[in-house]
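Along the sequence shown, residues carry numbers from 1.
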Amino acid sequence: MPSPANPEFLRRAIALATENVVHGAGGPFGAVIVRDGRIVGEGVNTVTAANDPTAHAEVNAIRAASKGQGTFSLAGCQLYSSCEPCPMCLAAAYWARIDDLYYGASAADAARAGFDDAFLYDELRKDRSARTLPATQLLGDEAWSSFAAWIASPNKTAY
């Protein structure tokens, strides 16, 4: 069951998104991570400023919260995003173990502004062989050695 939403946290994400555009730092996206009623991480879209295609607001907020909390697991946290997350950001939220996601603008709103994720969602539904990015497995047996080392390691941190 989702935690009760707090519109003030979403307003903060929206304000971050707007400030990011006004100050020319990047795209119109902002996000905050909340734990126990307080913000533990914030992020804005810095794709063009950092020349990093993964520097979306949600990913930046997750990175900030994880660093500040000293853990890769953000279980017990909520993500407030100014816009419905793209597939990469949604996956990052799952990997971070975010408990709840709240967003303002929809993916359709983002598409109207020139940020259309529909292509990515469509690609992910396709069989690997039908995707526009060719992907070929090589050295599968050799690559397994990394997993064998992981399985055997007494020092691993499960995630």
### Query
Which is it for I39 and Y80 under the side-chain contact (heavy atoms from CB on, under 4.5 Å) test, yes or no, and what are the steps along the way?
CA-CA 10 Å; I39 295 174; Y80 288 83; over 6 Å; no
### Task
Using the ring-ring contact (aromatic ring centres under 6.0 Å, His included) rule, take F147 and W150 through it: C-alpha gap first, then chi angles, then the decisive distance, then the call.
CA-CA 5 Å; F147 292 112; W150 171 260; 8.8 Å; no
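The closest side-chain heavy-atom distance from I62 to W95 is not below 4.5 Å.
In this model, a donor atom of one side chain and an acceptor atom of the other lie less than 3.5 Å apart for D127 and S129.
The heavy-atom pair separating P87 from L124 by the smallest distance is CB-CD1, 3.8 Å. Heavy-atom minimum distance, A65 versus L74: CB-CD1, 3.9 Å. In terms of heavy-atom proximity, A75 sits nearest to R35 at O-NH1, 3.0 Å. Scanning both residues, C89 and E58, for their nearest heavy atoms gives SG-OE1, 3.2 Å. Taking each heavy atom of G41 and A64 in turn, the nearest pair found is CA-CB, 4.2 Å. Closest heavy-atom contact between K156 and I151: NZ-O, 2.9 Å.
Residue S81 holds its OG atom at 8.0 Å from CG of L10, rounded to the nearest 0.5 Å. With values rounded to the nearest 0.5 angstrom, L79 atom CG is found 9.5 Å from L90 atom CG.
Listed for the E123 side chain is a donor-acceptor partner under 3.5 Å among the backbone atoms of T132. No donor-acceptor pair closer than 3.5 Å links the side chain of S66 to the backbone N or O of R63. Not one N or O on the side chain of S153 forms a donor-acceptor pair closer than 3.5 Å with the backbone of A149. Not a single donor-acceptor pair under 3.5 Å links the side chain of R97 to the backbone N or O of C77.
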Taking only distance into account, with no hydrogens and no angle test, what donor-acceptor pairs under 3.5 Å do side-chain atoms of residues 20-34 form with protein atoms, sequence neighbours excluded?
unit_1 : atom_1 : unit_2 : atom_2 : d
N20    : ND2    : G27    : O      : 2.9
N20    : ND2    : N45    : O      : 2.7

Identify each donor-acceptor pair in which a side-chain atom of residues 99-120 lies under 3.5 Å from a protein atom, sequence neighbours left out, and give them as a table.
unit_1 : atom_1 : unit_2 : atom_2 : d
D99    : OD1    : G76    : N      : 3.1
D99    : OD2    : G76    : N      : 3.2
D100   : OD1    : S3     : N      : 3.3
D100   : OD2    : S3     : N      : 3.0
D100   : OD2    : S3     : OG     : 2.9
Y102   : OH     : S3     : O      : 2.1
S106   : OG     : A108   : N      : 3.3
S106   : OG     : D109   : N      : 3.1
S106   : OG     : D109   : OD2    : 3.2
D109   : OD2    : S106   : N      : 2.9
D116   : OD1    : A118   : N      : 3.0

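There is a path of hydrophobic side-chain contacts, each under 4.5 Å, that joins F9 to L16.
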